[in-house]
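Below you'll find the structure, written out as structure tokens, and then a few comments.
For reference, positions follow the sequence shown, starting with 1.
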Amino acid sequence: SLALSYEGPAVPVKKLEQSDSDSAFLYNLCKAYGLSMKVHKKKLVIYDQGQMEAKPPAAALKMDDFVDNRWDAADTIYGVYTGARIAYKNPDDSKETSIYVGLKPESGKGSRTLKMNETAGSAAEARAKAAAQVNLSNQGATTISGEIWPDPRICAGVTVSVAGFGKFNGKYFIDKSTLDVGGGGTSQKIEMHKCQPRVPA
């Protein structure tokens, strides 16, 4: 009984089999094709995170916006890729094909390639799956979490600009925002990742 709000590309899928619950099946389907999903105000909201990351920042965060300096940042190249080599089989004839998608040539200097094996009905579907997994993995490259002074502009699904954090400065996407209201007042905890160049499908 949820209304649907969909902001994303048309994704042709030739064949699917469901073995999970409806919610788990839909969540994993969205994840496979680089889409995000949430339930908000009796709506099932499915959106292209790349489109959201491209929008202007909803707010600016600086060091003073974090309560009592409560923040933590991480930077890593583990699990970060410049592209993916996907070997895929057509579900009808089991013929295997391999293609590459990426931000730079597969054999270029500094290239880091994710190896994948999937089922896909077309090259377009395989490219969508490969790009989705690289972009999802790259979200872990640079992250910041912490407690900020409550700000209604900052919620999951928006971007913010971050300054005053040295190498961690830049544009971030809010992955999670939690408001806690108690006797001592209201607190807001956030988790965000730095917006990275996205591999196109």
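Note that OG1 of T119 and NZ of K129 are 6.0 Å apart. Values are rounded to the nearest 0.5 Å. The NE2 atom of H193 lies 9.0 Å from the CG atom of L136; values are rounded to the nearest 0.5 Å. The CD atom of Q49 sits 8.0 Å away from atom SG of C195, with the distance rounded to the nearest 0.5 Å. A distance of 6.0 Å separates CG in N69 from CE in M63, rounded to the nearest 0.5 Å. One finds the OG1 atom of T159 at 11.0 Å from the CE atom of M192 (value rounded to the nearest 0.5 Å). Separation of atoms CG (D20) and CG (L29) is listed at 11.0 Å; rounding is to 0.5 Å.
With sequence neighbours excluded, no residue forms a salt bridge (charged side-chain N to carboxylate O under 4.0 Å, His left out) with E125.
Connection of Y78 to F168 is not established within any shared hydrophobic cluster, with ILVMFWY side chains joined at heavy-atom distances below 4.5 Å, either directly or through further cluster members. At a threshold of 4.5 Å between side-chain heavy atoms, the hydrophobic network of Ile, Leu, Val, Met, Phe, Trp and Tyr places V13 and L44 in one connected group. Under the 4.5 Å side-chain heavy-atom criterion for Ile, Leu, Val, Met, Phe, Trp and Tyr, W71 and V67 are members of distinct hydrophobic clusters.
Within a 6.0 Å radius of CD in E106, more than 12 heavy atoms belonging to other residues, nucleotides or ligands are found. Within a 6.0 Å radius of NZ in K15, other residues, nucleotides and ligands contribute 12 heavy atoms or fewer. Other residues, nucleotides and ligands place more than 12 heavy atoms under 6.0 Å from the NZ atom of K38. Annotation: K104, atom NZ; neighbour count of heavy atoms from other residues, nucleotides and ligands within 6.0 Å is above 12. For NZ of K171, the number of neighbouring non-hydrogen atoms (other residues, nucleotides, ligands) closer than 6.0 Å is greater than 12. Atom OH of Y27 is surrounded by 12 or fewer heavy atoms from other residues, nucleotides or ligands within 6.0 Å. Atom CD of E17 is surrounded by 12 or fewer heavy atoms from other residues, nucleotides or ligands within 6.0 Å.
Between Q196 and T142, some side-chain heavy-atom pair lies under the 4.5 Å cut-off. Two residues are said to be in side-chain contact when any heavy atoms from C-beta on lie closer than 4.5 Å; F25 and L16 meet this criterion. The side-chain heavy atoms of L35 and P9, taken from C-beta on, include a pair separated by under 4.5 Å. A 4.5 Å side-chain heavy-atom check between D175 and F173 finds at least one atom pair inside the cut-off. The closest side-chain heavy-atom distance from K41 to V45 is not below 4.5 Å. Using a 4.5 Å heavy-atom cutoff, the side chains of T113 and Y81 are not in contact. The shortest distance between side-chain heavy atoms of I154 and I174 falls below 4.5 Å. In this structure the side chain of L26 reaches within 4.5 angstrom of the side chain of I46, judged on heavy atoms.
Under the 6.0 Å cut-off for aromatic ring centres, F165 and F66 qualify, their centroids lying closer than that.
With hydrogens and angles ignored, the 3.5 Å screen pairs a side-chain donor or acceptor of N135 with a backbone N or O of V199. Under a 3.5 Å cut-off, the side chain of D68 and the backbone N or O of R70 do not form any donor-acceptor pair.
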Test log, rule salt bridge (charged side-chain N to carboxylate O under 4.0 Å, His left out), inputs K62 and D64: CA-CA 6 Å; K62 55 187 185 300; D64 291 345; 5.6 Å; no
Between I86 and Q133, does a side chain to side chain contact (heavy atoms under 4.5 Å, CB included) hold up when you go through it step by step? CA-CA 10 Å; I86 178 169; Q133 290 311 301; over 6 Å; no
Let me see the working for Y172 and L61 under side chain to side chain contact (heavy atoms under 4.5 Å, CB included), right down to the final yes or no. CA-CA 10 Å; Y172 284 74; L61 283 175; over 6 Å; no
Check against side-chain hydrogen bond (donor to acceptor under 3.5 Å, both in side chains), S177 and Q188: CA-CA 7 Å; S177 174; Q188 182 175 1; 2.9 Å; yes
